[in-house]
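Reckoned from all heavy atoms, side chains included, excluding hydrogens, waters and symmetry mates. Every chain is numbered from 1 and lettered A, B, ... according to where its sequence line falls, protein lines coming before strand lines.
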2 protein chains.
Amino acid sequence: MLTLYGMADSGNCYKPRLLLARLNRPFRHVEVNALDGSTRRPDFLARNPNGQVPLLELDDGRTLRESNAILLYLAEGTPFLPADAFQRALVCQWLFFEQYSHEPYIAVRRALIRYPERAAEATPERLSSTLDRGHRALAVMESQLTTTRFIAGEDYTIADIALYPYTCDARSAGFEMERFPAIAAWLDRIASTPGHVAITWLPR
Amino acid sequence: MLTLYGMADSGNCYKPRLLLARLNRPFRHVEVNALDGSTRRPDFLARNPNGQVPLLELDDGRTLRESNAILLYLAEGTPFLPADAFQRALVCQWLFFEQYSHEPYIAVRRALIRYPERAAEATPERLSSTLDRGHRALAVMESQLTTTRFIAGEDYTIADIALYPYTCDARSAGFEMERFPAIAAWLDRIASTPGHVAITWLPR
């Protein structure tokens, strides 16, 4: 059985959980706290030298890291990753957009506000720049979602799974979501898909 | 023929140029300056709402953005992207590592030092944090390259192409490359591959 090392209160860790739920594929979850230093301890670093979760472990002990690489691996051969070469490329385009232009601003701003462990980094400049760049990422998504039902086209793919977690909680990080009606409709579309499982953010 | 919109002095734009050279595949290059506001002008934003280069345009006018998504698209069916599912996943893992844990520190520190347009952002805190996180990324690469010839295994893949440009110029950005002998050997290995083309950083 697959083993997923992850932190319950993480959108990056929720992504493979959501895909595995949609695929109806069983897995074992091992909770690893990325905030208390657990991912920097020797036993975890032996599994993942980059010290991050999520981490996927296969039956034979091989491991795979990076949430979106895990999504690509698990989605191969399923409807969540198109077979057409250009459609696949568009899915990948949005996976890289998520990690480079979205997560470092929207997820990071959320973490700066939410976790006492990150409070020292939450300078006015940092809060301002993440707000500005996050709004810019949301505007790019809004522009796409005014023309297609899902982010990479008409079908629900792992690109939607990658962008969903931190977008659905962006309001709590101070982003003005009322400016993005197409995103709001897309969030509803995803949450109402049969088989959807909600993220279990921990109470704070 | 493929058209590649890019900036000569950019490692992200060099990646597809290097792959296309290795594939012996002709393309048309259109220079777009990402520093003078050209990528924020309406004509460019119509092609790429995210306002970034590189951008790949196909014969039929369809466009693809994100350097590593372009690499995945162009490498499909070539030796630069393995056919085996887990090996492919490892290549993707390193592509996401590059965009999330490497480029935002090593390439960004280089840009902060190199471009007068970015000087205002080059605060002591920013220079210190990018140095620390960049060294951490290099240590992860070093650990891998002490066990395999290339970053995703024994073969040269697009994961090497993605990590090469900013790693080969990291010394100029202040990174202590003498700490990473396995990376130095890997850089030599790539540069001495038949068909390699060097990046043409512009003189500054």
Side-chain angles (χ1 to χ4, degrees), chain A residues 12 40 45-46 48-52 55-56 58 60 62-77 84-104 107-108 121 123 125-126 129 136-137 139-144 146-147 152 159 162, chain B residues 12 40 45-46 48-52 55-56 58 60 62-77 84-104 107-108 121 123 125-126 129 136-137 139-144 146-147 152 159 162:
Chain A
N12 283 325
R40 295 265 148 215
L45 286 173
N48 181 359
N50 202 20
Q52 291 174 339
L55 177 75
L56 181 71
L58 309 188
D60 60 11
R62 286 184 299 177
T63 55
L64 184 62
R65 50 196 201 244
E66 299 291 338
S67 58
N68 290 356
I70 294 170
L71 290 182
L72 279 165
Y73 177 71
L74 295 173
E76 188 64 67
D84 174 75
F86 190 76
Q87 278 302 316
R88 288 171 79 90
L90 289 180
V91 168
C92 291
Q93 167 190 290
W94 287 104
L95 294 178
F96 287 106
F97 165 85
E98 189 267 334
Q99 284 286 283
Y100 192 81
S101 300
H102 183 285
E103 203 267 9
V108 167
E121 299 168 62
T123 60
E125 294 73 21
R126 193 86 194 279
S129 67
R136 202 188 293 178
V140 172
M141 290 178 66
E142 179 75 10
S143 157
Q144 180 64 43
T146 55
T147 64
Chain B
N12 284 324
R40 295 266 148 213
L45 286 173
N48 181 358
N50 202 19
Q52 291 174 339
L55 178 74
L56 181 72
L58 308 188
D60 61 10
R62 287 183 298 177
T63 55
L64 184 62
R65 50 196 201 243
E66 300 291 337
S67 58
N68 290 355
I70 294 171
L71 290 182
L72 279 166
Y73 177 71
L74 295 173
E76 188 65 68
D84 173 76
F86 190 75
Q87 277 302 316
R88 287 172 79 91
L90 289 180
V91 168
C92 291
Q93 166 190 290
W94 287 104
L95 294 178
F96 287 107
F97 166 84
E98 189 267 335
Q99 284 287 283
Y100 193 82
S101 300
H102 183 285
E103 203 267 10
V108 167
E121 299 168 63
T123 60
E125 294 73 21
R126 195 84 194 280
S129 66
R136 202 189 292 179
V140 173
M141 290 178 67
E142 179 75 10
S143 157
Q144 179 65 42
T146 55
T147 63

Asks: Side chains of A:Phe86 and B:Asp60: closer than 4.5 Å at any heavy-atom pair?
Replies: no
Asks: Tell me, side chain or backbone of A:Leu95 under 4.5 Å from chain B's heavy atoms, or both, or neither?
Replies: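 Both parts, backbone and side chain.
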Asks: For chain A, which of B:Gln52, B:Glu76, B:Arg62 has the most heavy-atom pairs under 4.5 Å?
Replies: B:Arg62
Asks: What pair of heavy atoms forms the shortest contact from A:Tyr73 to B:Ala85, and how long is it?
Replies: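 Scanning both residues, the minimum pair turns out to be CD1-O, 3.8 Å.
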Asks: Where on A:Leu72 is there a heavy atom nearer than 4.5 Å to chain B: the side chain, the backbone, both, or neither?
Replies: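 Side chain only.
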Asks: Tell me, for A:Glu125 versus chain B, whether the close heavy atoms (under 4.5 Å) come from the side chain, the backbone, both or neither.
Replies: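 No part of it gets close to chain B.
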Asks: Output the option from B:Gly77, B:Gly51, B:Ser143, B:Ser101 having the highest count of non-hydrogen pairs under 4.5 Å with chain A.
Replies: B:Ser101
Asks: Only pairs of heavy atoms separated by less than 4.5 Å count here; which of B:Cys92, B:Ala69, B:Ser67 has the most with chain A?
Replies: B:Ala69
Asks: Are B:Tyr100 and A:Asn68 close enough that some pair of their side-chain heavy atoms sits under 4.5 Å apart?
Replies: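 A side-chain contact under 4.5 Å is absent here.
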Asks: For B:Gln93 and A:Glu66, indicate whether the former's side chain and the latter's backbone hold a donor-acceptor pair under 3.5 Å.
Replies: no
Asks: Quick one: CD on A:Gln99 to CZ on B:Phe97, what's the gap to the nearest 0.5 Å?
Replies: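 Going from the CD atom of A:Gln99 to the CZ atom of B:Phe97 covers 12.5 Å.
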Asks: Distance check, rounded to the nearest 0.5 Å: B:Trp94 atom CH2 versus A:Asn50 atom CG?
Replies: 7.5 Å
Asks: Quick one: of B:Glu103, B:Arg88, B:Arg136, B:Arg65, who has the most non-hydrogen atom pairs under 4.5 Å with chain A?
Replies: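 The answer is B:Arg65.
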Asks: Can you tell which part of B:Gln144 gets under 4.5 Å to a heavy atom of chain A, answering side chain, backbone, both or neither?
Replies: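 Neither part.
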Asks: Between A:Thr63 and chain B, which part of the residue has a heavy atom less than 4.5 Å away: side chain, backbone, both or neither?
Replies: backbone
